[in-house]
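The sequence lines fix the lettering, A, B, ..., with proteins before strands; numbering per chain opens at 1. Bear in mind the structure is a predicted one, so any value in this text is a computation, not a measurement.
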Amino acid sequence: MTQRETDTRSGTEVEPSRAPDPVRGGDRARSVERLARLFDRPWPSIIAAFVVSLGIGLLLVVLAGGTAAEAVDVAYRSTVGSQQGMIDSLVYTTPRLLVAVGVIVALRSGQFNLGAEGQLQVGAIGAALGGAFLAPSIPGPLALPVSLLLAMVFGALWAGLAAVLKVWRGCDELITTLLLNFIAIYLVQLMVQGAMKDPSSTFNQSKRVIAVAELPRFGFTRLHYGIVIAVACVVLVWFLLDRTALGLRLRSVGYNPVASRYQQLRVGRLTVAAMLISGAVCALAGAGETLGVQFRLIQGFSSGFGFEGLAIAFLASLRPGRALVIALIFGGIFSTATRLQQELGVTASLAYVVEGLPIVLLACAAGAQALRAQRKGIA
Amino acid sequence: MHNLVESFFWASAIALAAPILLAALGETFAQRAGVFTIGIEGLMLSGAFGAAAVASWSGDVIVGFAGAALAGAVLGALYGVAVVLFRADQVVVGIGFNLIVLGATSMLRRGLFPTGMEVPSTSALDRHELPLLGDLPWIGEVLFDQSPIVYALYVLTPFGVFLLFRTRVGLLVRAVGDGALASSAAGIRVPRIRMWVMVVNGTLAGAAGATLVLVNAGGVFVDNLVDGRGYLVLALTMFARWHPGWVALGAVLFGAADALQFIAQATFGGHVPTAVFLMAPYLLALAAWVVMGKRSRAPSDLGVPLLA
Amino acid sequence: MSGPNDGDAALLSLRGVCRSFGTTKAVREVDFDVVAGTVHALLGENGAGKSTLMNVVYGVHPADRGTIAIGGEPVRIESPRQALERGISMVHQHHQLIPSLTVAESIALASRNTPWRYDRRSAALQVTRLASRLELELDPEARVGELSLGDRQRLEIISAIDRDSQIIILDEPTAVLAPTEVEPLFDLLRGLADDGRAIILITHRMREVFAVSDAISVMRKGELVATLATSATDPNQVLDLVIPQRHRLAETSSAPGVAEIEDVDSAEGDLNLVAAHLRPGRATPGPDALVVDALEVAPAPGTTGLCGLSLTARQGEILGVIGVEGNGQHELVEVLAGIRIADGGHVVACGEPQTRGRLAPHTAVVPEDRHREALVLDLSSEENLVLPMLDRYSSVGLLSRSRMRADTRAVIEDYAVVTASATAPTRSMSGGNQQKLVLARALAQSPKVLVVSQATRGLDPGATAEVLRRLRDAANAGTAVVFIGSDLDEVVEIADRAVVMYGGRIVGESADPDASRDVLAGLMVGADRDPARD
Amino acid sequence: ACGTTSADQKEKEGSGEQSDGGQPKVAALFTQFVDQGNWDVTGYQAYEDMCSTYDFDCDYVEEASYERAPALLRQYAQDGYAMVITHSSGYAAAIQEVAPEFPNTQFVLFSYATDTGGLKNFSAWSVDWDQAGYLQGVIAGLSSKAGNISIVGGEQIPSTERAMALAEKGAQSVNPQAKVSRVWTGTFVDVAKAKQVAAQAIDGGADFVIPMADLAGQGVHQAAEAAGALSLGEYMDENSKYPQAIVTSITVDMAGAYDQIGAAYTNGELEGQIVQMDAQSGAFDFAPFHNVDAEVETAARKVLDGLSDGSTKVPSV
Ligand SMILES: Nc1ncnc2c1ncn2[C@@H]1O[C@H](COP(=O)(O)OP(=O)(O)OP(=O)(O)O)[C@@H](O)[C@H]1O
Ligand SMILES: Nc1ncnc2c1ncn2[C@@H]1O[C@H](COP(=O)(O)OP(=O)(O)OP(=O)(O)O)[C@@H](O)[C@H]1O
Ligand SMILES: [Mg+2]
Ligand SMILES: [Mg+2]
């Protein structure tokens with residue numbers, strides 16, 4: 001069947017009656033390539049992946065006792081269909097986008113920063129330190145900038161630590177950042193149980209951030225300016241990577257450290273620089289949650305944005321602009337899942353599935369596309 | 001600190017190490033072949049769920065264990081379809097896969113066991129003292145009064161070393177991970193080998209999950225039971241420089257660090273914040289990683305899909 | 001087009017084979033026959049499509065259209081595995097080796113009859129046995145990643161031979177071999193052909209073509225333009241086929257000291273290169289520009305390191321540094337580029353000492369490995385071009401894209417670099433064009449000392465001549481050019497003065513390389529060395 | 001215990017819309033799943049009962065992470081929910097943010113709270129974990145023959161921290177020589193780790209282990225059962241799961257509390273108060289005793305009664 005087709009395509013004259021080509025056996029990959037043709041264009045394939053996952057999601061909703069129409073209605077209202085939906089989606093988009101953009105800096109510079117989760121955790125510590133502890137004793141207008149700055153410094157140092165260990169000791173940053181994630185999470189715990197604990201609180205959380213250190217909000221909604229910061233980071237990171245000398249140096253080191261050294265680029269310093277910037281941006285995600293959503297450092301404030309942001313970065317082919325679009329979609333999915341649970345009583349577990357599916361499907365689509373491009377020599 | 005030489009402490013360390021080691025052995029082969037399985041967390045979780053589910057259906061923990069291994073194999077193969085055949089980015093697939101498994105096991109648990117899981121007695125997999133060896137002083141208590149799964153690991157680990165460095169299969173696995181394109185040019189079916197490795201990895205991760213739920217948790221499955229152990233497995237694998245022997249040693253050290261928490265908290269608790277003890281294993285791992293430094297070299301095609 | 005013998009007798013025959021990469025038609029409508037029992041040379045400019053055609057045969061880049069037949073039977077070859085099962089093996093132009101494996105493991109991996117259990121001792125024996133067929137030595141337990149380029153090439157060759165294939169393709173196998181090693185290889189190839197196998201040999205060296213081949217095919221711009229019996233042709237005819245514009249090239253080069261591609265003096269038998277006679281520009285070179293004094297670098301597997309290497313290059317001259325690879329050339333370049341810190345000795349350029357870990361002052365370096373060391377393949381031409389001079393192309397940290405683009409255009413025009421666009425990744429460029437870009441970048445920094453290593457490796461005669469002409473121009477402009485090469489004939493052709501590197505030091509010097517070719521050849525392999533000097 | 005649901009009371013309450021059936025819309029937030037473990041399961045049961053007793057139109061959300069909590073609360077308030085109950089002390093921050101904006105919605109926190117920020121629409125039913133812990137300690141102290149007791153905690157949260165401290169006091173109140181060790185595993189789900197820690201404790205001489213680890217507590221029971229030690233159930237009678245190990249369970253009268261919440265809402269009596277759930281209010285009881293002599297129960301009941309009538313006070317920590 002399929003074999004015949006290929007045979008005619010490649011013009012080999014093979015008798016139809018001939019026994020199956022013994023050589024064919026192992027090369028299942030070719031059929032993947034055929035499948036991959038479905039994904040020839042990036043945008044349709046992205047849309048297709050989302051449609052398929054939402055289809056499966058709908059099916060699961062129906063299995064869980066809802067109806068498809070209700071589910072679609074909820075999805076609509078919790079994303080573009082209502083003001084509240086839009087706001088929620090944007091609030092959920094913010095940390096994911098910041099992490100995605102942050103890791104893009106590292107990944108494009110050849111540093112595998114798996115530690116966004118940790119960097120945003122320490123970023124949150126920095127923000128809370130600024131907003132709740134330092135802010136009362138500094139002039140009001142400085143409270144917010146200082147808190148954000150502190151968060152960025154914390155995140156940068158946390159990521160920078162991995163970079164320094166890499167340059168100094170040759171420790172693979174993948175492992176270092178992974179381990180630093182765990183350490184950061186317990187560090188937050190240490191803070192909210194000890195040094196930063198709000199003595200009047202009955203939960204592990206810090207004092208409340210003072211009002212002037214909060215991220216301002218749009219009107220009376222809960223949408224805070226973190227989204228503005230995130231979008232600004234998208235533009236800045238694009239600008240950095242594409243339009244500045246530092247960006248070119250970083251990318252050069254990322255692609256080929258050896259050749260970069262021959263061109264007198266300071267590989268060690270650039271490695272550290274990439275991680276510092278990456279950590280600082282990831283930390284803003286934690287700062288946004290602290291100063292714009294929770295208003296205090298609270299144990300367990302992040303439900304794994306670090307890894308989701310990483311997935312978004314990859315799905316966006318490490319382009320900040322695309323990351324914006326994909327992060328918006330994931331914000332919408334998260335918002336929808338939350339509402340589905342509220343309105344249709346669909347279990348929270350479904351949300352994980354509906355989020356995970358497009359991630360996997362998109363990755364498959366992108367992989368198949370890359371394979372096909374490589375085979376055909378289209379760069 | 002006399003507690004540190006106590007046999008029970010080391011026996012605990014080994015018991016805690018078993019599921020991690022089981023999964024890390026599979027991951028070692030996967031990474032040697034170039035597949036970085038972030039989704040190992042999900043594979044282990046599916047194994048844990050599968051073990052509990054099959055055991056409560058069949059009423060037999062051994063069947064449950066086998067079911068978990070099978071579930072792991074199937075999911076490992078599916079995972080392989082994505083990262084090996086579709087050339088999907090391994091990190092992305094792993095992240096998505098973990099989410100899906102976390103959600104799916106929870107949904108299945110509620111859908112299939114609305115009144116809770118009835119896992120039968122796990123005594124078959126519990127500690128069984130070996131005759132003779134078990135009577136050795138200290139050593140016997142530490143090494144030979146353990147679950148049969150630990151005994152299986154005593155065989156599996158050296159076998160892994162043999163397989164990896166002394167057989168053609170091992171040579172193929174290493175070649176595929178260190179030069180996928182070159183291997184392909186040498187006529188090796190890279191996707192096929194990576195697929196097989198993923199099936200093995202899935203099987204072992206499934207078995208690891210089963211061990212966790214049936215042995216370490218005595219048959220109690222709760223959502224997200226694996227609780228980050230998968231990431232620990234990844235760290236351990238790389239940390240142990242992709243050598244099954246070092247993996248085993250590292251797993252026991254991780255287990256010891258875990259077991260140490262009891263001793264440390266019981267000794268210093270109240271003076272030192274708990275979070276410090278909880279982060280200690282990771283701090284230790286980081287310190288060891290720093291000390292080891294440049295000596296580690298990853299398989300060069302680790303995480304890179306074969307584009308050919 | 002059919003071969004010298006009748007198409008029916010062909011062991012391998014291609015009909016109407018096409019292969020494109022995106023919009024590049026790398027191979028178009030090629031009919032190609034190779035007869036059993038012959039060595040068939042495949043020639044052509046860089047980017048003519050030779051490697052692509054062979055990659056079609058070997059299944060690396062399956063054909064878009066066309067048929068392949070082996071022994072008259074049509075076959076489908078879509079992967080190297082299928083090719084191997086059809087009895088085709090290939091030595092790739094860019095090595096396909098796995099650095100972490102040992103030599104013995106590499107051989108065992110490729111071999112079809114390795115048992116399930118890998119036994120070190122029998123694998124080692126197999127290596128020794130194979131190596132002896134080529135009269136060479138390879139340490140079975142050495143890691144491939146630590147081998148010199150030459151040893152890697154040797155390993156590739158013996159592992160291809162080990163497969164016992166009917167059709168053996170060798171894509172530029174001699175590019176990194178010592179002159180003394182080429183002979184045994186050719187003897188072996190002849191022997192294999194005499195057994196009834198078909199050997200396809202890609203090379204740019206005319207001398208080799210006429211030394212070993214039975215038939216010659218020439219490709220140009222993706223098409224197979226001619227197939228000739230070696231006995232019925234001569235180097236000039238072949239060169240005309242390979243580079244039809246060569247006479248035009250010669251006409252345009254009017255300045256003194258510029259490369260001229262002249263007719264080959266076939267009586268001499270010196271068929272190497274395109275016989276680009278590059279006349280020295282000045283009779284009296286200027287003052288010392290680069291002084292390297294007693295450099296020490298510890299030896300490592302596959303290389304001798306440096307032991308007390310000293311040399312001096314003067315302004316306006318081309319100093320040839322000739323040696324078999326692995327005798328410390330790479331370390332020397334690394335030290336000069338500031339990538340490696342020497343254990344001892346120092347470097348002074350234009351009177352200024354080199355700062356540890358930085359590039360020698362007023363120096364530009366063209367490293368040997370284009371893909372690994374010279375270019376960042378994923379960056380575009382313009383980005384690669386400005387990398388070492390970023391300060392010139394940016395103000396307050398912002399890149400001046402327009403200036404980058406303008407200057408890149410100028411370079412592309414000046415050097416006739418063929419590329420899709422200045423913004424396309426350099427990965428998509430052919431080797432020759434990549435090399436032109438790298439050289440252009442080095443010269444754009446107006447260095448007083450220019451160190452180039454293996455600058456013409458893998459380049460076709462036209463591109464080689466072009467590169468050598470540029471180097472001569474630079475020397476004429478007063479630059480001290482240090483030309484590190486392993487092809488004796490080439491170094492002899494271009495260098496005003498030559499030194500021989502062996503065992504990490506200079507073992508001989510000639511002020512008239514042309515005349516002392518044989519002495520230099522001997523020194524290269526350590527022949528005339530006085531044992532007392534060790 | 002329900003008062004009349006008069007229309008004017010509704011008016012006075014100023015609460016949000018009612019569902020189609022005219023019932024008030026009520027929602028609850030749980031941190032984990034309502035069918036796993038003991039804390040959320042007991043709470044959910046009580047919640048369900050309240051809903052049917054008072055005829056509320058009920059919804060709930062599980063795994064309501066603190067990240068999502070503000071959004072969820074706001075969402076419910078905007079959708080006109082009359083009351084939102086949160087079943088964990090960790091939601092206090094979110095309520096304090098959201099409640100001021102939605103005066104028509106009542107927010108109720110169940111677990112532990114000392115302060116509702118002066119908000120009229122934020123009430124709390126605060127379990128007196130000090131007393132609960134004290135009672136656990138008393139039973140352990142009475143039951144332990146070796147006088148060696150170990151407490152295994154999950155995540156280190158303030159309420160559990162206090163409970164642990166008081167448990168130590170409680171044990172020592174009945175057995176001054178009692179040695180009490182405390183260990184945190186850092187997670188509420190890791191059954192395996194809790195089991196191993198408990199096993200180590202038992203190997204170290206403890207013959208009574210007290211789980212304070214929610215879901216993971218099962219591991220502690222297992223370890224006890226395997227090694228012939230004793231343990232204590234939490235919130236509800238857990239003896240059936242580990243009959244050889246569990247002496248009794250300190251039950252928390254969540255059903256009663258939720259009933260009070262339902263009644264208070266219906267009567268319009270939710271006014272930002274903190275309702276203490278302690279022995280005096282009858283919040284604690286013991287499940288039937290097993291595996292120990294009858295004197296243990298008698299002695300334990302005496303302490304409970306003392307706490308109830310105020311004659312016994314838990315020591316301060
Ligand atoms: N040849 C190389 N191959 C791979 N990675 C390299 C190479 N050179 C450098 N790196 C990476 O960069 C890190 C730092 O290298 P190194 O400190 O030598 O750079 P540098 O240019 O001297 O930087 P600086 O001047 O800022 O100190 C190394 O640990 C390694 O991770
Ligand atoms: N993988 C590829 N993707 C895109 N283009 C390619 C690829 N391989 C080769 N090409 C292009 O195809 C053409 C033929 O290249 P090929 O390597 O066959 O030339 P060649 O004759 O072997 O040259 P050389 O003498 O430099 O080895 C060139 O234009 C080259 O840029
Ligand atoms: Mg070629
Ligand atoms: Mg070299």
Side-chain angles (χ1 to χ4, degrees), chain A residues 26-29 32 35-36 60 63-64 112 114 165 168-172 174-176 178-183 185-191 193-194 304 307-308 310-311 314-315 347-368 370-371 373-375, chain B residues 36 38 42 81-107 109-111 189 191-192 195 223 228 231-232 234-235 238-239 273-276 278-279 281-283 285-286 289-296 298 303 305-308:
Chain A
D27 232 355
R28 228 164 284 132
V32 173
L35 247 174
L60 292 174
L63 286 179
F112 213 117
L114 218 50
L165 289 178
W168 171 50
R169 296 288 306 161
C171 306
D172 195 326
L174 196 96
I175 292 289
T176 319
L178 194 62
L179 290 172
L180 283 172
N181 281 345
F182 289 101
I183 296 172
I185 288 171
Y186 288 119
L187 200 62
V188 168
Q189 196 175 326
L190 191 66
M191 289 295 143
Q193 282 173 353
F307 283 102
E308 267 179 59
L310 194 64
F314 276 112
L315 293 177
T347 150
S349 323
L350 179 78
Y352 290 125
V353 179
V354 175
E355 261 186 292
L357 273 171
I359 293 181
V360 170
L361 291 175
L362 280 172
C364 288
L371 175 63
Q374 174 68 30
R375 291 233 169 108
Chain B
F36 185 71
I38 292 229
V81 168
V83 298
V84 178
L85 296 189
F86 274 95
R87 274 50 166 193
D89 187 280
Q90 298 177 2
V91 173
V92 182
V93 170
I95 293 170
F97 183 82
N98 286 342
L99 284 173
I100 294 175
V101 173
L102 184 59
T105 50
S106 173
M107 288 175 77
R109 178 182 61 74
R110 317 171 123 221
R189 295 170 190 169
R192 170 178 288 203
M195 277 303 287
D223 290 344
Y231 297 102
L232 208 58
L234 291 178
M238 307 188 78
F239 195 68
T274 320
V276 173
L278 295 173
M279 71 167 79
Y282 304 100
L283 280 174
L286 190 63
W289 188 235
V290 172
V291 170
M292 278 181 17
K294 288 201 162 64
R295 281 193 297 154
S296 61
L306 169 74
L307 291 181

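Within the 4.5 angstrom heavy-atom criterion, only backbone atoms of B:L306 (N, CA, C, O) approach chain A. For B:V91, the part lying near chain A is the side chain, with the backbone staying farther off; criterion is any non-hydrogen pair under 4.5 Å.
A distance-only check finds a donor-acceptor pair linking the side chain of B:W289 to the backbone of A:D172 [under 3.5 Å]. Between the side chain of B:R87 and the main chain of A:A370, no donor-acceptor pair closer than 3.5 Å is present.
Rounding to the nearest 0.5 Å places CG of B:D89 at 4.5 Å from CZ of A:F314. Atom CD1 of A:I183 sits about 4.0 Å away from atom CG of B:L283, to the nearest 0.5 Å. With values rounded to the nearest 0.5 angstrom, A:I185 atom CD1 is found 10.5 Å from B:M279 atom CE. From A:Q189, atom CD reaches atom OG1 of B:T274 across 7.5 Å, with rounding to the nearest 0.5 Å. Annotation: the span from A:C171 atom SG to B:L286 atom CG amounts to 7.5 Å, rounded to 0.5 Å.
Taking all atoms of both residues into account, the shortest heavy-atom contact from B:L99 to A:G356 is CB-CA, 4.0 Å. The two residues B:I100 and A:V353 make their nearest non-hydrogen contact at O-CG2, 3.8 Å. Nearest heavy atoms, B:V92 versus A:L315: CG1-CD2, 3.7 Å. Nearest heavy-atom pair, A:F182 versus B:G228, reported as atom, atom and distance to 0.1 Å: CZ-O, 4.0 Å. Of all the heavy atoms in A:L178 and B:Y231, the pair that sits closest is CD2-O, 3.7 Å.
In this structure, the ring of B:F36 has its center no less than 6.0 angstrom from the ring center of A:F112.
Of the listed residues (A:P358, A:S349, A:A363), the one with the most heavy-atom contacts under 4.5 Å to chain B is A:S349.
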